[in-house]
Amino acid sequence: RALVVGAVAALSLGLAATEIPRADATTATLVAAAAAGVEDEGADCPVPDLGSPASNSRLPDPFEKINGQRVTSKSEWRCRREEIKKLAERYVYGEKPGKPASVTGTVSRTGITVNVSANGRSAGFSAPVDLPSGSGPFPAVIVYGGFGADTATIKASGAAVISYDPFTVGKEGTARNNKQGAFYGIYGSSSSTGLLAAWAWGVSRIIDVIEQSGGSILKADATGVTGCSRYGKGAFTAGVFDQRIALTMPIESGSAGVPILRGVAQESGAQPLSSAYSEQPWLGDAFGSFTGNPSRLPVDTHEMVGMIAPRGLFIMENPHVDWLGAQSGSVAALAGAEVYKALGAGDNISYWSDVQDGTHCATRSEWRTPLQQNIQKFLVKSGNAAGVFRISSRKSGNLSQWRDWTTPVLTDNSPSPSPSPSPSPSPSGSPGTSP
Ligand code: MCU
């Protein structure tokens with residue numbers, strides 16, 4: 001089970017754990033505040049017909065639009081991101097509906113309640129809150145499940161912990177045609193949306209309630225999300241699909257999480273796609289026709305990483321357990337980091353798999369400092385540490401083997417029919433704009 005075969009060993013050849021500190025601190029400050037005020041900034045973008053998927057054994061080009069043209073400016077990314085979102089929903093996760101007609105609820109110093117009604121149906125769930133010391137209002141980290149996240153460090157860094165039980169929103173252990181939980185109470189037990197998108201929808205509804213609460217206890221613009229293992233898959237998906245989340249921190253997420261889907265399909269010992277699809281209805285029903293041929297997927301998880309850009313992302317992985325596909329995780333991070341770089345936000349993504357303890361979801365001393373730094377930078381907004389890539393030599397992927405595209409140098413603004421001659425050097429509110 002702990003076998004590392006030829007391919008993996010060869011890729012790791014001669015590589016010690018690498019630490020690549022990122023430069024460009026000024027840009028980081030600008031984009032650190034880049035969490036959007038809305039769940040989906042590109043909701044108004046016209047997305048062409050998604051077409052039918054063509055086979056590609058390498059990672060799809062994140063910068064190539066559905067119409068075949070490449071993105072040339074940062075401002076174009078907003079609508080390219082929306083295309084990726086639609087592809088991700090259609091082929092991987094199933095649809096995550098937007099904010100329902102009615103979302104109400106309460107935020108107290110000890111808990112959050114959420115009540116939703118839509119389609120003539122109602123559902124609700126709640127989540128305990130644990131505040132750090134001080135008077136607040138506080139940023140918060142939504143922690144999926146009850147293990148694997150270092151909640152003591154989260155609180156010591158100044159953020160509240162919201163304990164989210166995703167099973168209240170989408171239960172595990174059901175058949176695909178009989179899904180249960182608050183999400184499926186609204187959208188129907190035969191909804192083709194998988195648990196990960198349903199759980200993400202629940203996170204978005206928690207953020208709706210925080211926004212509506214007036215901000216005296218929890219700040220609405222400083223929400224992070226984390227979780228380990230299946231909850232790492234969930235935390236990643238939540239960050240992908242809600243641009244109000246300022247910091248996404250998936251831990252040891254494995255297949256259906258961060259690792260590229262094309263990669264886990266051939267990484268020795270990694271959880272096969274068919275297994276990830278059938279173990280629980282995590283992914284959308286439509287993914288079922290791709291488990292045997294991920295090359296036909298018109299999207300892969302490096303583009304989900306790109307959907308999180310330029311917001312804070314700290315990917316934590318465990319290279320000691322083959323099942324977790326950490327080599328494919330490193331490729332997702334490296335390829336997704338190309339989107340961050342193109343947006344001038346290369347400093348906002350971190351990846352760390354160089355850890356000693358092989359125990360799945362252990363609390364790890366190696367992650368304490370980067371965890372604290374990410375929370376300070378993106379949630380407390382008091383720090384500006386550079387992102388770090390520390391890829392374990394045990395499971396280090398090779399990006400050049402996986403891509404046939406290059407990273408464009410994006411101009412700041414799209415060519416506009418009527419360019420506005422602005423003398424101001426500071427483009428206000430333009431995410432990812434670098435000086
Ligand atoms: C890594 O996450 C999962 C994995 O996909 C499953 O195959 C295994 O059963 O459980 C892992 C997990 O959630 O462990 C807590």
Side-chain angles (χ1 to χ4, degrees), residues 40 42-43 45-71 76-97 176 191-197 200 233 236-237 240-241 254-267 270-278 281-309 325 328-329 331-336 338-339 397 399-408:
D40 177 15
C45 289
V47 174
D49 187 280
L50 301 184
S52 51
S55 193
N56 181 358
S57 60
R58 292 202 255 195
L59 295 176
D61 180 355
F63 303 100
E64 186 183 320
K65 298 185 277 188
I66 289 173
N67 70 10
Q69 293 176 351
R70 290 193 99 210
V71 171
E76 270 180 282
W77 179 255
R78 185 177 83 89
C79 287
R80 170 56 187 153
R81 181 187 178 278
E82 188 69 14
E83 293 186 353
I84 296 171
K85 174 182 184 271
K86 294 284 194 262
L87 291 167
E89 290 186 321
R90 166 86 64 91
Y91 295 104
V92 180
Y93 301 102
E95 193 195 338
K96 178 195 170 202
R176 283 190 176 271
S191 161
S192 57
T193 297
L195 296 179
L196 300 179
K233 307 181 206 296
F236 179 60
T237 311
V240 167
F241 285 107
S255 299
V258 173
I260 52 168
L261 298 160
R262 282 167 172 75
V264 287
Q266 56 187 67
E267 182 175 339
Q271 179 170 26
L273 295 176
S274 55
S275 164
Y277 180 73
S278 59
W282 289 318
L283 296 170
D285 295 0
F287 189 76
S289 37
F290 294 91
T291 57
N293 51 358
S295 296
R296 279 188 52 239
L297 286 167
V299 65
D300 211 319
T301 59
H302 65 303
E303 291 166 292
M304 325 306 183
V305 169
M307 282 179 68
I308 300 177
S328 300
V331 179
L334 291 167
E338 296 302 311
V339 175
L399 176 57
S400 60
Q401 212 177 52
W402 281 102
R403 69 161 169 174
D404 52 13
W405 41 270
T406 54
T407 304

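Treat the numbers as computed from the prediction; the structure is a model and nothing was measured.
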Give me each pair satisfying salt bridge (Lys or Arg N to Asp or Glu O under 4.0 Å) with a member in residues 283-295, each pair once, sequence neighbours excluded. Arg176-Asp285, Lys179-Asp285

Under the side chain to side chain contact (heavy atoms under 4.5 Å, CB included) rule, collect the residues that match up with Arg58, sequence neighbours excluded. Asn56, Asp404

Looking at OG of Ser57 and CG of Asn293, how far apart are the two atoms once the value is rounded to the nearest 0.5 Å? 12.5 Å

Across all chains, not counting sequence neighbours, the salt bridge (charged side-chain N to carboxylate O under 4.0 Å, His left out) partners of Lys85 are Asp40, Glu89

Which residues share a side-chain hydrogen bond (donor to acceptor under 3.5 Å, both in side chains) with Thr407, sequence neighbours left out: Glu338, Arg403

Closest approach of Ala88 to Phe241 (non-hydrogen atoms, all atoms of both residues): CB-CZ, 4.1 Å

Minimum heavy-atom separation for Ala270 and Gly325, please, with both atom names. CB-CA, 3.9 Å

My understanding is that only residues two or more places apart in sequence, or in another chain, count here; which of them pass side chain to side chain contact (heavy atoms under 4.5 Å, CB included) with Pro53? Tyr91, Phe290, Arg296, Pro298

Rounded to the nearest 0.5 angstrom, the CG-OG distance for Leu261 and Ser295 is 11.0 Å

Is Lys65 reaching over with its side chain to a backbone N or O of Val71, donor-acceptor style, under 3.5 angstrom? no

Sub-3.5 Å donor-acceptor pair from the side chain of Thr301 to the main-chain atoms of Val258, do we have one? yes

For Glu83, which residues count as a salt bridge (charged side-chain N to carboxylate O under 4.0 Å, His left out) partner, sequence neighbours excluded? Arg80

Nearest heavy-atom neighbours spanning Gly288 and Thr291: O-OG1, 3.5 Å

Looking at every heavy atom in both Pro46 and Pro48, which two are closest together, and how far apart are they? O-CD, 3.8 Å

Any non-hydrogen side-chain atom of Asp300 less than 4.5 Å from a side-chain atom of Pro60? yes

Kindly write out the residues that satisfy side-chain hydrogen bond (donor to acceptor under 3.5 Å, both in side chains) with Trp282, not counting sequence neighbours, or none if the list is empty. Glu172

Looking only at heavy atoms, which two atoms of Leu334 and Gly397 are closest? And how far apart? CD1-O, 3.9 Å

Can you list the residues that meet the side-chain hydrogen bond (donor to acceptor under 3.5 Å, both in side chains) rule with Ser400, with sequence neighbours excluded? Asn398

Give the C-alpha distance, both sets of side-chain angles, the deciding distance and a yes or no for side-chain contact (heavy atoms from CB on, under 4.5 Å) between Trp402 and His302. CA-CA 11 Å; Trp402 281 102; His302 65 303; over 6 Å; no

Parallel, tilted or perpendicular: ring planes of Phe63 versus Trp405, cut at 30 and 60 degrees: perpendicular

Taking the side chain as everything from C-beta on, heavy atoms only, tell me whether Val339 gets closer than 4.5 Å to Met307. no

Measuring from Glu303:CD to Leu87:CG, what's the distance to the nearest 0.5 Å? 7.5 Å

List for me each residue that meets side chain to side chain contact (heavy atoms under 4.5 Å, CB included) alongside Pro294, sequence neighbours excluded, and say none if there are none. Arg262, Ala265, Leu273, Leu297

Can any side-chain N or O of Glu267 pair as donor or acceptor with the backbone N or O of Ser328 at less than 3.5 Å? yes

OG of Ser255 to CD of Gln271: how many Å apart, nearest 0.5 Å? 5.0 Å

What are the two closest non-hydrogen atoms of Leu399 and Ala335, and how far apart are they? CD1-CB, 3.5 Å

Looking at residues at least two apart in the chain, or sitting in another chain, which of them share a side chain to side chain contact (heavy atoms under 4.5 Å, CB included) with Ala200? Lys96, Thr237, Ala238

Run the numbers on Phe236 and Leu196 for side-chain contact (heavy atoms from CB on, under 4.5 Å), then give the verdict. CA-CA 9 Å; Phe236 179 60; Leu196 300 179; over 6 Å; no

Those residues at least two apart in sequence (or on a different chain) that pass side-chain hydrogen bond (donor to acceptor under 3.5 Å, both in side chains) with Glu95 are none

Please enumerate all residues that pass salt bridge (charged side-chain N to carboxylate O under 4.0 Å, His left out) together with Asp61, with sequence neighbours excluded. Arg70

